[in-house]
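To keep things clear, I will list the structure first and then write my remarks on it.
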Amino acid sequence: MMFTAQPRSTPLSSEIQHVFTVRSPVEIMTTRRKISSQISRFKVKAVIQSGNEEKKKTVESGKLVEKSGEESNGFSGKGVRDVKAVITLRKKMKEKISEKIEDQWVSLMNGIGRGILIQLISQDIDPVTKSGKYAESYVRGWFSKPSDHPYIVEYAANFTVPHDFGCPGAIIITNLLDKEIHLVQIVVHGFNEGPLFFSVNTWIHSQKDSPESRIIFQNQAYLPSQTPPGIKDLRREDLLSIRGNGKGERKLHERVYDYDVYNDLGNPDKSEDLARPLIGGQERPYPRRCRTGRGPTKKDPLAERRIEKPHPVYVPRDETFEEIKQNTFSAGRLKALLHNLVPLIAATLSSSDIPFTNFTDIDKLYNDGFVLNDDKDLKKNKFLSDTLDKVFSVSKRLLKYEIPAIIKRDRFAWLRDNEFSRQALAGVNPVNIELLREFPIVSKLDPAVYGPPDSAVTRDLIEQELNGLSVEKAIEEKRLFILDYHDMLLPFIGKMNSLLGRKAYASRTLFFYTSRGVLKPIIIELSLPPTPSSPRNKRIFSHGHDATNHWIWNLAKAHVCSNDAGIHQLVNHWLRTHACMEPYIIATHRHLSSMHPIYKLLHPHMRYTLEINALARQSLINGGGVIEACFSPGKYSMEISSAAYKSMWQFDMEALPADLIRRGMAVEDPSMPLGVKLVIEDYPYAADGLLIWSAIKEYVESYVEHYYSEPNSVTSDVELQGWWNEIKNKGHPDKKNEPWWPKLVTKEDLSGILTTMIWIASGQHAAINFGQYPFGGYVPNRPTLMRKLIPHEDDPSYENFILHPEYTFLASLPTQLQATKVMAVQDTLSTHSADEEYMCQLHEIQRFSIYDHEVLKVFERFSAKLKEIENTINQRNKDIRLKNRSGAGVPPYELLLPTSGPGVTCRGIPNSISI
């Protein structure tokens with residue numbers, strides 16, 4: 001993109017008047033899309049240094065022609081100022097020889113002033129053309145300026161501008177090189193306002209990929225109505241460019257954000273067994289994903305053609321992992337793990353994919369490890385060999401896992417009922433437990449299809465466990481709780497159990513909160529679909545006092561944990577955080593300019609999410625992927641996720657206080673800081689979560705108040721209103737007519753919406769993600785699937801169960817291959833990258849707050865609050881009265897501690913869903 005400034009003939013005077021005939025930036029950008037060559041069609045004015053002498057030259061038709069100083073940039077040498085733009089680029093940390101040669105070519109092109117064109121666009125408009133004033137120059141310098149960082153290089157571009165040019169509000173950058181560049185920032189020196197920062201951290205595509213240039217705005221935040229006139233058209237044009245036209249297949253260099261359904265999970269062209277239904281629409285509602293635009297498969301015109309690993313799935317260019325994150329993965333995390341390690345494990349165990357025969361087999365994974373087959377592929381693949389050494393403790397092809405936190409302090413904690421209950425409040429899935437508010441327990445499913453709606457849990461069964469209390473009294477005192485997966489899973493149990501090696505129930509678990517402040521499980525109900533011979537196909541279990549009932553009870557708990565693991569992964573983790581955040585991110589880019597204060601607030605909370613979701617569609621939730629292979633629902637996994645979205649997802653209920661009240665785990669109490677009081681005080685997820693929620697809420701409210709203090713400022717913000725409307729109508733179109741969507745009229749409405757989004761991306765995701773390996777890495781504690789139903793006394797297998805209960809229990813769990821595969825993935829998903837950005841590291845806010853000290857104060861208060869919260873949580877973990885987070889062998893609850901180091905730490909709140 002280049003602007004052409006033509007000087008008019010005007011009389012010279014002591015105060016030179018410079019009159020520009022400048023084309024509109026939008027007009028130029030529109031024209032540029034039709035032009036394949038920058039230099040052949042446009043006359044470009046540039047200031048080029050040659051030794052110590054500065055000459056004014058014009059580049060015309062690809063040739064350098066000297067011009068007088070008066071004509072350069074359209075004004076004479078009087079009444080002008082010299083300014084400099086310092087351009088910071090980032091190189092790759094690990095470069096191939098070809099890439100190093102390319103770097104030398106970049107230096108050569110910049111040395112002769114033919115690599116990068118920079119155009120400064122003033123905030124002020126020319127009174128004649130009504131367009132922003134501009135000046136342009138090539139980046140120049142034979143060698144980049146040395147930097148303290150070995151991967152950072154700096155170049156400069158010099159400009160001469162009139163004194164009345166005004167303050168630059170935007171920069172248009174054109175990359176004439178043959179490769180993309182990673183622009184970190186541009187700092188413009190020489191204006192009265194001091195150094196002007198354009199911090200972007202963005203990829204600039206090569207002109208050979210697209211003739212469009214990139215618009216970069218100054219760090220300062222502006223509401224649409226406050227946009228300086230000189231850059232108002234550029235603000236609108238940039239948003240239009242980001243939205244695209246909804247047509248064609250997206251290219252990897254593009255930054256187009258658009259919506260699509262989940263029609264890329266199956267691969268019917270490869271196998272009928274890999275065909276999957278479309279997710280998203282009236283039949284199977286779902287949030288929308290980022291559109292890639294690939295063509296249909298040959299066998300199903302509604303399914304999008306797959307891109308298989310290791311080829312990348314399209315996401316807008318700036319959404320891709322930065323190199324440190326990529327290195328984390330390639331050094332043994334998701335890509336390397338799924339592409340190389342899992343098949344290697346399969347090759348090792350395929351000849352004997354057997355169940356664990358005793359607990360010693362499981363312990364060997366951590367204590368001894370197992371030797372991987374030293375096959376030809378491994379010998380040939382030095383990268384894989386090196387990768388294995390970095391993934392786990394590998395010596396002589398020995399695969400060895402870290403001891404999960406759940407058994408590190410107490411090997412037998414997982415067997416105890418109090419630990420089973422504790423994990424419902426302080427484990428990796430503490431968001432499903434509810435207060436039992438009505439009795440009898442009744443299903444909402446169609447009785448004509450699923451049998452009698454009443455639960456098999458009777459009053460007598462419950463009261464046997466209540467120490468003299470009646471059911472009504474226990475409900476009145478809020479001491480009965482339930483983990484209820486019956487209605488969510490029963491419609492799928494028949495199909496799940498038809499899969500090879502899968503046997504599951506739909507479970508209900510009742511808990512009693514004792515007078516000692518301990519939650520204990522009292523009854524488990526396991527249901528199968530009704531049959532003609534058994535219309536009420538339900539079994540009841542309670543903890544027994546003899547050996548047989550003890551083992552049966554442990555099998556029932558394992559089935560509950562398997563239900564819990566599936567719902568956790570498919571609903572609470574994938575759907576409610578990953579999938580629901582994706583349309584918020586897409587709408588933010590499509591409707592909020594990068595200058596918009598709400599864009600700047602949300603931007604840190606969008607980092608890497610689209611990329612990790614694309615990787616999940618490619619290798620985790622896809623047909624035949626890890627989730628289907630290792631979790632009970634198998635090929636019906638995403639259908640269950642869709643059914644949960646249809647039946648229970650509401651945006652307003654994703655706010656933590658509202659969710660706690662909905663589940664009966666908190667009651668409204670105006671005397672409490674957030675207006676809610678926990679029913680169980682020792683509920684670590686909720687207690688710590690409310691601290692984080694409160695800090696986010698206070699931060700967001702102060703921020704919003706700063707920008708929306710005027711009456712009607714929210715309703716008059718056209719970008720903001722378009723953003724919220726699109727989230728409902730395009731991001732969640734299957735629920736667009738629901739009455740519970742919040743209105744967006746007041747600053748309070750806006751603060752509530754933003755607080756919920758930021759909580760989901762940060763605290764909520766952290767609480768249900770980074771404990772996956774610490775809790776699930778020991779298979780008996782959280783089996784992701786069960787392979788056998790619990791034997792009846794008249795079953796042929798019952799006698800073997802009586803003789804070998806340990807073998808029966810272990811044979812019901814995932815096989816060794818299934819277990820090691822899911823352990824490897826859980827380890828990956830629980831890992832913090834070295835470049836993780838945590839909640840107290842809101843670099844985006846810090847960058848632009850140099851222009852606004854009030855915003856800086858808001859952020860500093862938020863950061864201080866998070867440090868205070870960290871201290872509070874650490875103190876809670878030392879309080880012996882809080883038995884769900886302290887005690888002999890009990891791991892502390894640290895998932896909502898704001899900070900962490902890299903690795904599997906079971907703590908830390910990143911700003912965004914980055915894994």
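Quantities reported herein were computed from a predicted structural model and do not represent experimental measurements.
Of the listed residues (W553, Y505, F541), just one forms a ring pair (Phe, Tyr, Trp, His ring centres under 6.0 Å) with H559, and that residue is Y505. Applying the side chain to side chain donor-acceptor pair (under 3.5 Å) test between Q423 and each of N429, N781, N884 identifies N781 as the sole match.
Remark: the backbone N or O of V518 is not paired with any side-chain donor or acceptor of N418 at under 3.5 angstrom. Side-chain N or O atoms of R663 include one that pairs as donor or acceptor with a backbone N or O of V431 at under 3.5 Å. Panel note: side chain D659, backbone E654; no donor-acceptor pair is recorded below 3.5 Å. Between the side chain of S830 and the backbone N or O of V904 there is no donor-acceptor pair closer than 3.5 Å. The backbone N or O of K646 lies less than 3.5 Å from no partner atom in the side chain of W649, so there is not a single donor-acceptor pair. With hydrogens and angles disregarded, no donor-acceptor distance shorter than 3.5 Å links the side chain of S534 to the backbone of T531. In this structure a side-chain-to-backbone donor-acceptor pair under 3.5 Å is present from N497 to A504. With hydrogens and angles disregarded, a donor-acceptor distance shorter than 3.5 Å links the side chain of R787 to the backbone of A811. With hydrogens and angles ignored, the 3.5 Å screen pairs no side-chain donor or acceptor of D827 with any backbone N or O of M823. For the pair S641 (side chain) and S637 (backbone), a donor-acceptor distance under 3.5 Å is absent.
No more than 12 heavy atoms of other residues, nucleotides or ligands sit less than 6.0 Å from atom CD of E681. For E799, the CD atom sits in a loose shell: 12 or fewer heavy atoms of surrounding residues, nucleotides or ligands are nearer than 6.0 Å. With a 6.0 Å radius and a threshold of 12 heavy atoms from other residues, nucleotides or ligands, E283 has its CD atom at or below the threshold. The neighbour count for K788 NZ, taken as heavy atoms of other residues, nucleotides or ligands under 6.0 Å away, does not exceed 12.
Using a 4.5 Å heavy-atom threshold, the side chains of I524 and I540 count as separate. The shortest distance between side-chain heavy atoms of R276 and E639 does not fall below 4.5 Å.
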Intermediate values then yes/no, salt bridge (charged side-chain N to carboxylate O under 4.0 Å, His left out), D484 and R508: CA-CA 4 Å; D484 191 348; R508 288 188 179 110; 3.3 Å; yes

Kindly determine whether R782 and D564 satisfy salt bridge (charged side-chain N to carboxylate O under 4.0 Å, His left out), including the steps that lead there. CA-CA 8 Å; R782 280 183 71 77; D564 191 73; 2.7 Å; yes

For D363 and R411, run salt bridge (charged side-chain N to carboxylate O under 4.0 Å, His left out): C-alpha distance rounded to whole Å, both residues' side-chain angles, the deciding distance at 0.1 Å, then the answer. CA-CA 10 Å; D363 292 340; R411 284 185 58 201; 2.6 Å; yes

Please report the C-alpha distance between S886 and N877 in whole Å, then the side-chain angles of each, then the deciding distance to 0.1 Å, and finally whether the side chain to side chain donor-acceptor pair (under 3.5 Å) criterion is met. CA-CA 6 Å; S886 66; N877 286 331; over 6 Å; no

Evaluate D688 against R885 for salt bridge (charged side-chain N to carboxylate O under 4.0 Å, His left out), listing each step before the verdict. CA-CA 11 Å; D688 294 357; R885 61 199 310 157; 2.5 Å; yes

For a side chain to side chain donor-acceptor pair (under 3.5 Å) check, start with the C-alpha distance between Q764 and Y685, then their side-chain angles and the critical distance, and finish with the verdict. CA-CA 9 Å; Q764 179 75 338; Y685 157 77; 2.7 Å; yes

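In this structure, Y286 has its ring center closer than 6.0 angstrom to the ring center of Y262. Taking the six-membered ring wherever Trp is involved, the centroid distance between the rings of H765 and H573 falls below 6.0 Å. You'll find the ring centres of W551 and Y798 outside the 6.0 Å limit.
For R539 and E525, the salt-bridge test fails: no basic side-chain N is under 4.0 Å from an acidic carboxylate O. Ion pairing between a basic and an acidic side chain is recognised when a charged N comes within 4.0 Å of a carboxylate O; R437 and E476 show no such pairing. A salt bridge between D410 and R416 is present, with a side-chain N of the basic residue lying under 4.0 Å from a carboxylate O of the acidic one.
Contact record, Y450 with P491: OH-CB, 3.3 Å, taken as the closest heavy-atom pair.
Classified by interplanar angle (parallel below 30°, tilted 30° to 60°, perpendicular above 60°), the ring pair W574/H578 is parallel.
Geometric assessment of K557 against the ring of F420 yields a positive cation-pi assignment under the 6.0 Å and 45° thresholds.
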